[in-house]
Protein chains: 2
Amino acid sequence: MTQDRGLLLVLSGPSGVGKGTVCAALRPRMEELVYSVSATTRTPREGEVDGVNYFFKRRAEFESMIENDELLEWAEYVGNFYGTPRKFVEDTLASGRDVILEIEVQGALQVKEKFPEGIFLFLAPPDLKELRSRITGRGTETEESIRNRMMVAKAEIELMDHYNYVVVNDEVDKACERIQAIVTAEHLKKERQIEKYRHWIKEVF
Amino acid sequence: MTQDRGLLLVLSGPSGVGKGTVCAALRPRMEELVYSVSATTRTPREGEVDGVNYFFKRRAEFESMIENDELLEWAEYVGNFYGTPRKFVEDTLASGRDVILEIEVQGALQVKEKFPEGIFLFLAPPDLKELRSRITGRGTETEESIRNRMMVAKAEIELMDHYNYVVVNDEVDKACERIQAIVTAEHLKKERQIEKYRHWIKEVF
């Protein structure tokens with residue numbers, strides 16, 4: 001029998017919701033989960049290892065990856081390219097392991113176009129009023145800047161519609177438990193289980 | 001904001017797989033879960049309470065429930081009718097609580113026709129070879145009877161295709177954990193969460 005393919009989990013959500021914190025807290029809880037490694041054109045920092053922290057690429061290499069559709073998503077940020085190599089994800093899934101990708105909302109939508117069978121998790125703030133008071137309460141921003149940030153937050157929350165699940169980040173531990181339950185449930189979906197039984201039926205009967 | 005509707009969980013699977021045991025083991029683990037109460041035409045036994053153990057009905061009453069489409073499924077068994085009243089399920093779901101219905105495979109398919117939005121869980125044996133040796137190993141049955149039982153088991157397993165999830169009953173505790181994960185995940189589905197956020201967006205922005 002062939003090995004079951006892993007699941008691609010895409011963890012996203014509005015900026016400031018705590019994606020990085022939740023993703024880090026998942027590591028000890030789900031040790032079998034593989035974290036996607038990004039490609040970048042920025043210079044490696046002291047101690048960073050190619051293929052572990054990032055796949056470090058020259059600009060021409062990265063551009064050819066874009067052209068050859070070798071990235072599930074990419075973006076330019078302060079003069080450098082960042083992206084998610086499709087091959088690393090595909091190879092890991094083929095080996096039967098689940099992959100998690102932590103990413104901004106815009107990048108997640110790109111991934112969904114190229115990889116619609118992924119499980120898209122929208123990490124959401126527990127309360128929008130709190131989000132508003134966090135944005136207005138800093139006291140350092142102009143009214144226009146507050147209005148802009150609120151518009152962005154609103155637009156990001158409306159993108160929730162493109163996701164499979166909404167995980168409220170009220171407490172990091174609870175958010176992790178919810179994600180673990182989703183991963184368990186997704187593996188139990190009939191579509192993922194029935195082949196095994198069809199195979200057994202042929203063998204046994 | 002209106003109360004979220006509960007989920008209808010339908011726990012089914014081939015005979016002998018352990019549906020009753022798993023369902024009983026879920027009670028202390030998921031105290032908020034409401035167990036569907038069946039209607040029956042059989043005589044109440046000592047201590048049985050109407051509306052708790054069963055809804056006890058006269059034959060004519062039961063037949064009129066069938067005619068008026070008031071049952072999600074029904075069957076006749078040794079001269080008595082048994083069925084699942086739709087009203088109890090609907091009222092409980094409307095109050096925001098989840099309902100579980102433990103039922104034979106044929107009944108589950110009837111429920112699916114009338115209530116496709118239910119979550120259909122197929123409780124499966126961990127190993128079909130074990131199922132075969134359990135059937136053949138009793139030593140009391142004729143070859144024809146063994147063949148018949150195997151045919152039934154095969155047909156029941158093929159019905160897995162109509163379900164949403166496959167829960168292996170290798171250990172009762174593990175089966176319960178899987179069911180709990182599925183219920184958690186189903187509540188987190190975007191379709192069930194997004195209205196709350198749409199409402200908040202209107203309120204806050």
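All heavy atoms count here, side chains included; hydrogens, waters and symmetry mates do not. Letters A, B, ... mirror the listed sequences (proteins, then strands); counts begin at 1. What you see is a predicted model, and the numbers here were worked out from it, not measured in a lab.
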Minimum-distance pair of heavy atoms, taken over all atoms of A:Ala181 and B:Ala185: O-CB, 4.1 Å
Atom pair CD1/OG1 of A:Ile179 and B:Thr184 - distance to nearest 0.5 Å: 13.0 Å
For chain B, which residues of residues 105-127 of chain A have heavy atoms nearer than 4.5 angstrom: A:Ala124, A:Pro125, A:Pro126, A:Asp127
Contacts of residues 158-178 of chain A with chain B (heavy atom under 4.5 Å): A:Glu158, A:Met160, A:Asp161, A:Tyr163, A:Asn164, A:Tyr165, A:Val166, A:Val168, A:Arg178
Heavy-atom neighbours of A:Arg59 CZ exceed 12 at 6.0 Å: yes
Proximity breakdown for B:Arg198 and chain A, heavy-atom pairs closer than 4.5 Å: side chain
